[in-house]
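Input: a single structure, listed below in structure tokens.
Only heavy atoms go into these numbers, but all of them, side chains included; no hydrogens, no water, no symmetry mates. Read the numbers this way: they start at 1 and go in the same order the structure lists the ligands and their atoms.
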Amino acid sequence: MSLVVMKFGGSSVADAEKIKRVASRVMERRKKGDKVVVVVSAPGDMTDDLEAMAEKITDNPHEREMDMLLATGEQVSIALLSMAINHHGMEAVSFTGPQAGFFADLSHTRARIKHIRPVKVMKALAKGQIVIVAGFQALNAKRDIVTLGRGGSDLSAVALAVAVKADVCEIYTDVKGVYTTDPRIVPEARKITQISYDEMLELAGAGAQVMQARSIEVGKKYAMPIHVRSTFSHETGTMIRTEVSNMEEVVVSGVAYDKNQAKITIRNVPDRPGVAAKMFGALADKGVNVDMIIQSSPIQGHNDISFTVPGASSKKTMAVLEKQQKSLGAKGIVCTEHMAKVSVVGVGMRSHPGVAAKFFKALADGKINIDMISTSEIKVACVVKQSDGEKAVRLAHKAFKLHVAKSKGQRAKRNP
Ligand code: ASP
Ligand code: MG
């Protein structure tokens with residue numbers, strides 16, 4: 001008998017039929033003898049719809065009230081799912097985040113979990129009940145309801161799995177797991193059997209939209225195995241877990257694609273201490289998420305600094321920098337929109353040289369110009385023109401033979 005946390009996203013509980021299907025899935029698990037905690041998101045697009053409703057009332061809602069509003073979506077799902085299970089004569093009980101013992105800090109709309117005291121959850125489990133918990137919400141020290149940031153139910157699920165000492169946290173979604181790349185771009189993309197937390201974090205940061213990145217960080221911190229799998233089939237999905245040595249045999253695990261980035265270049269800034277701190281400090285204050293940063297080496301006491309931001313943040317970024325231009329002493333600021341980022345990720349890179357070279361060659365053979373490059377220990381990322389993006393993904397996927405199934409014991413060659 002194991003204790004499992006099963007998380008279902010909004011699309012899995014979008015209507016009555018789907019809720020009934022999730023209920024059967026959950027009951028089936030309980031009947032097998034496992035103890036089951038379920039975490040659910042709001043039905044379908046309800047969170048978006050609630051946001052849209054608020055926008056119709058005011059363009060500046062108090063964040064506290066926004067949280068009051070957004071937290072209602074999940075409450076709809078937990079009650080309906082619990083009813084669907086009770087209807088079949090099995091015992092289920094629903095709890096809001098606060099009832100389940102989620103405590104968070106004082107920030108609204110993107111609060112961080114401080115701790116979880118799952119007293120009611122444990123009691124219900126001990127009684128043999130199926131426990132249904134609302135994702136995305138918690139209580140703060142003022143006894144106000146807060147939400148954990150969009151996509152936050154993943155975080156609720158993983159954190160709760162840690163708190164109740166579950167054997168595994170299962171994330172149910174409409175795809176069969178984590179793929180080597182987006183199957184809509186590369187139809188031969190394969191489902192990955194197992195992947196490390198670090199790789200998954202890099203993939204999430206580089207544009208793969210499987211799970212919320214914060215939830216993976218929590219999984220990593222507490223070594224909670226996360227099983228990403230399909231709501232609609234019983235097939236095993238992808239296990240995100242602590243790195244084991246044979247993971248390194250696979251040099252590149254996946255190719256991530258972020259199709260909408262903008263490149264900002266500040267030309268000719270004086271090469272003196274504090275310039276970068278000032279510039280990026282101002283951007284951070286405005287909540288701009290800066291990604292790749294490249295500074296050229298100085299020529300005659302000046303250099304260029306380029307970086308990327310999500311396409312949607314380009315206007316805000318330019319506005320912040322234009323205000324700063326004079327005090328920075330820069331000669332100009334240029335924004336290039338419609339860029340894309342293609343990243344290859346794999347823990348095997350640490351021990352297998354030549355990954356970057358192979359990636360660059362694949363792009364070169366496809367006559368794709370690389371605009372910017374950045375690397376981490378387990379990632380090589382290239383910024384290219386948006387119009388070249390999908391082709392670059394296909395070339396990289398092919399170059400690293402990601403379409404070929406890796407059988408057990410098949411070792412990567414020293415030179416990838
Ligand atoms: N319902 C929330 C959202 O749509 C939380 C979640 O789905 O994970 O962001
Ligand atoms: Mg959602």
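Put simply, no part of G10 is less than 4.0 Å from ligand 1, judged by heavy atoms.
Annotation: T47 places an N or O atom under 3.5 Å from an N or O atom of ligand 1; distance criterion only. Of the N or O atoms in G151, one or more lie within a sub-3.5 Å distance of an N or O in ligand 1.
Side chain of D167 to main chain of V4: no donor-acceptor pair is present (N/O by atom type, distance under 3.5 Å, no hydrogens or angles). Without hydrogens or angle criteria, T317 side chain to S313 main chain gives a donor-acceptor distance under 3.5 Å.
A 4.5 Å side-chain heavy-atom check between R394 and I185 finds at least one atom pair inside the cut-off. No side-chain heavy atom of L363 sits less than 4.5 Å from a side-chain heavy atom of D365.
Numbered from 1 in the order shown, with element, the atoms of ligand 1 that lie under 4.0 Å from a heavy atom of R150 read 3 (C), 4 (O), 9 (O).
Between F307 and F280, the ring-plane angle classifies as perpendicular under the 30° and 60° cut-offs.
Of the heavy atoms in S153, both backbone and side-chain atoms come closer than 4.0 Å to ligand 1. Only the side chain of E74 comes within contact range of ligand 1, with a heavy atom under 4.0 Å; no backbone atom does.
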